[in-house]
Protein chains: 2
Amino acid sequence: MARWDPGTEDRLRQAALDLFAEHGYDDVTVTQIAERAGITRRSYFRYFPDKREVLFAGAEQLPLAIAEAVLASAEKSAPAIALDAARQVGALLVGRVDRTAERRAVIASSPELQERERTKAAAITTALCDALVERGAAVDEARLVARLVAVCFQEALERWIDTGEAFESCLDLVAASVRSAAEVFPPQVSS
Amino acid sequence: MARWDPGTEDRLRQAALDLFAEHGYDDVTVTQIAERAGITRRSYFRYFPDKREVLFAGAEQLPLAIAEAVLASAEKSAPAIALDAARQVGALLVGRVDRTAERRAVIASSPELQERERTKAAAITTALCDALVERGAAVDEARLVARLVAVCFQEALERWIDTGEAFESCLDLVAASVRSAAEVFPPQVSS
DNA sequence: CAAGTGATGTCTCAGTGTGCCATCACCGAG
DNA sequence: CTCGGTGATGGCACACTGAGACATCACTTG
């Protein structure tokens, strides 16, 4: 019936989210997702490499987007560049994600999905780090800054979902909090 | 032959690391690990819940250790407490891990294992956050600080492996770097 | 020496992920 | 219009993971 229908990937995403939300991730099989989308199990794996990925479609664009933002940023220091890039990519991301709350709830209910989500975050961190290096930062500094800003990014995203405020405001708030927290760290002493 | 021998769990860890290092994680089956350790595949799953966990045995102690360290710390502010706890737990951890380099290489070669490693790090972060809350920190602040210090912890561990310096020195260095990086963040403005 | 306990082995099964090949729809060349 | 090519799909088979159910063995305790 649905063979050759366009939008199969979209139907798979919808079907998966529906089923996961209703029965829980573990109690849903790939076969069920595929059948609800009108294809077979075998064809599902031609759209997504495994059962988890169906919830993270589109996430592969974020690393590229953040790398571009870094290379295009007018800021000078690595932390400022990275935060600037996070601001832009976050603002872009915010409009795109569908069924945010349901998706969040499903992921929160499954350790497997949380693992995958962390992988996506790690990919962003890596891309950010590489881009900073490409802009001339030292590898050590780039990695640290990337991780730091990745934390800000995630935290800001969560606050955005929870509060509904503008993403930029969330990010600024988080950045200011990080700054305050880091001020407590010892400047150089060792004991 | 090995039935009822003590130290089965150790043998499984050794066998797994041997096999993973030699043939790669994907090309080793649980059956092979179990047989090299002198038990059956079914019994393997009575020691470890899945194929990955055999490389992360003992990691479940870190969240407890860091929680205790937080509750016992003499510091006052949440960031200082967290960093203090990280220092103690790191120093404790450092002597314990076996075959660090091989283990690191194996994990680096498999996305699946990297996912699991991130899960372990996340567990530490969660425990740290909860402990900070228990000491009276606000949830938002605790989560942010926990993530921040978790980044410091990881970064310090990596530098420790790479350089061989004392863990505490690595952590102090990282903390100072974070402080410098965060100073660049805008204090409150939004555009 | 008999019962109990805990670790292990055996068997079975659902589900994942993949290779291989047949099939179907569509498209352009003749 | 027919033919072959191309790409997406279905069908089949397979190795592996992880788990339930039950039997078996060693060791302990009475």
Side-chain angles (χ1 to χ4, degrees), chain A residues 1-20 22-57 60 106-107 109-117 119-120, chain B residues 1-20 22-57 60 106-107 109-117 119-120:
Chain A
M1 207 83 342
R3 216 185 188 189
W4 305 113
D5 269 15
T8 306
E9 196 175 312
D10 262 326
R11 286 203 314 279
L12 282 172
R13 279 201 290 264
Q14 296 297 325
L17 194 44
D18 288 344
L19 290 169
F20 291 162
E22 188 175 1
H23 303 106
Y25 175 79
D26 286 332
D27 291 334
V28 174
T29 68
V30 172
T31 305
Q32 293 172 325
I33 301 171
E35 284 178 350
R36 173 175 288 220
I39 60 173
T40 60
R41 200 181 87 90
R42 188 65 186 87
S43 285
Y44 169 94
F45 286 105
R46 291 182 175 116
Y47 285 92
F48 303 103
D50 59 45
K51 183 180 168 185
R52 301 157 211 76
E53 277 295 307
V54 68
L55 272 179
F56 299 93
E60 69 283 351
V106 169
I107 293 174
S109 73
S110 160
E112 242 179 288
L113 293 175
Q114 291 169 46
E115 280 197 335
R116 182 55 55 87
E117 190 171 47
T119 297
K120 298 305 180 184
Chain B
M1 203 92 331
R3 217 190 189 187
W4 303 114
D5 270 15
T8 305
E9 195 175 312
D10 262 326
R11 287 205 314 282
L12 282 172
R13 277 201 290 263
Q14 296 298 325
L17 194 43
D18 288 345
L19 291 169
F20 291 163
E22 189 175 358
H23 302 107
Y25 175 79
D26 286 332
D27 291 334
V28 174
T29 68
V30 173
T31 305
Q32 293 173 324
I33 301 172
E35 284 179 351
R36 173 175 287 219
I39 60 172
T40 60
R41 198 182 90 90
R42 188 64 186 88
S43 285
Y44 169 93
F45 286 106
R46 290 182 176 117
Y47 286 91
F48 303 102
D50 59 47
K51 182 178 169 188
R52 303 156 209 78
E53 276 297 305
V54 69
L55 273 179
F56 299 93
E60 68 285 350
V106 169
I107 293 174
S109 74
S110 159
E112 243 179 289
L113 293 175
Q114 292 169 46
E115 280 197 336
R116 183 55 54 89
E117 191 171 47
T119 296
K120 300 304 180 184

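Lettering follows sequence order; numbering is per chain, from 1. Only heavy atoms go into these numbers, but all of them, side chains included; no hydrogens, no water, no symmetry mates.
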Legend entry - Any B/T40 side-chain nitrogen or oxygen under 4.0 Å from OP1 or OP2 of C/dG9: yes
Legend entry - Nucleotide nearest A/F45 (side chain, heavy atoms from C-beta), chosen from C/dT18, C/dT8, C/dG15: C/dT18
Inset, instruction - Round to a whole Å and report the spacing from CG of A/L12 to C1' of D/dT9. - result: 13 Å
Inset, instruction - Could you check B/R52 against B/R46 and say which one's nearest nucleotide on DNA chain D is further toward the 5' end? - result: B/R52
Inset, instruction - Starting at atom CG of A/D26, determine the distance to atom C1' of D/dA19, rounded to an integer number of angstrom. - result: 13 Å
Inset, instruction - Find the distance between CG (A/L19) and CD (A/Q14) and round it off to the nearest 0.5 Å. - result: 11.5 Å
Legend entry - Nearest-Å distance for atom pair OH/P, residues A/Y44 and D/dA8: 18 Å
Inset, instruction - Kindly point out which of D/dC16, C/dG17, C/dC11 is positioned nearest to the side chain of A/D50? - result: C/dG17
Legend entry - Listed nucleotide nearest any side-chain atom of A/I39, set D/dT17, D/dG10, C/dT8: D/dG10
Legend entry - Sidechain N-carboxylate O distance under 4.0 Å for B/E117, B/R52: no
Legend entry - Note: A/R13-A/E9 ion pair, threshold 4.0 Å (strictly below): yes
Legend entry - Length of the line joining B/L113:CG and D/dT17:P, which is rounded to integer Å: 13 Å
Inset, instruction - Confirm from the modelled atom types if B/R41 and C/dG9 form a donor-acceptor pair under 3.5 Å, side chain to base only. - result: no
Inset, instruction - May I ask you to evaluate whether B/Y47 reaches the phosphate of C/dT8, defined as a side-chain N or O under 4.0 Å from OP1 or OP2? - result: yes
Legend entry - Any donor-acceptor N/O pair, A/Y44 side chain to A/P49 backbone, under 3.5 Å: no
Inset, instruction - Return no unless some side-chain N or O of B/S43 is found under 4.0 Å from OP1 or OP2 of C/dG9. - result: yes
Inset, instruction - Rounded to the nearest angstrom, tell me the gap between atom CD in A/Q32 and atom C1' in C/dG15. - result: 11 Å
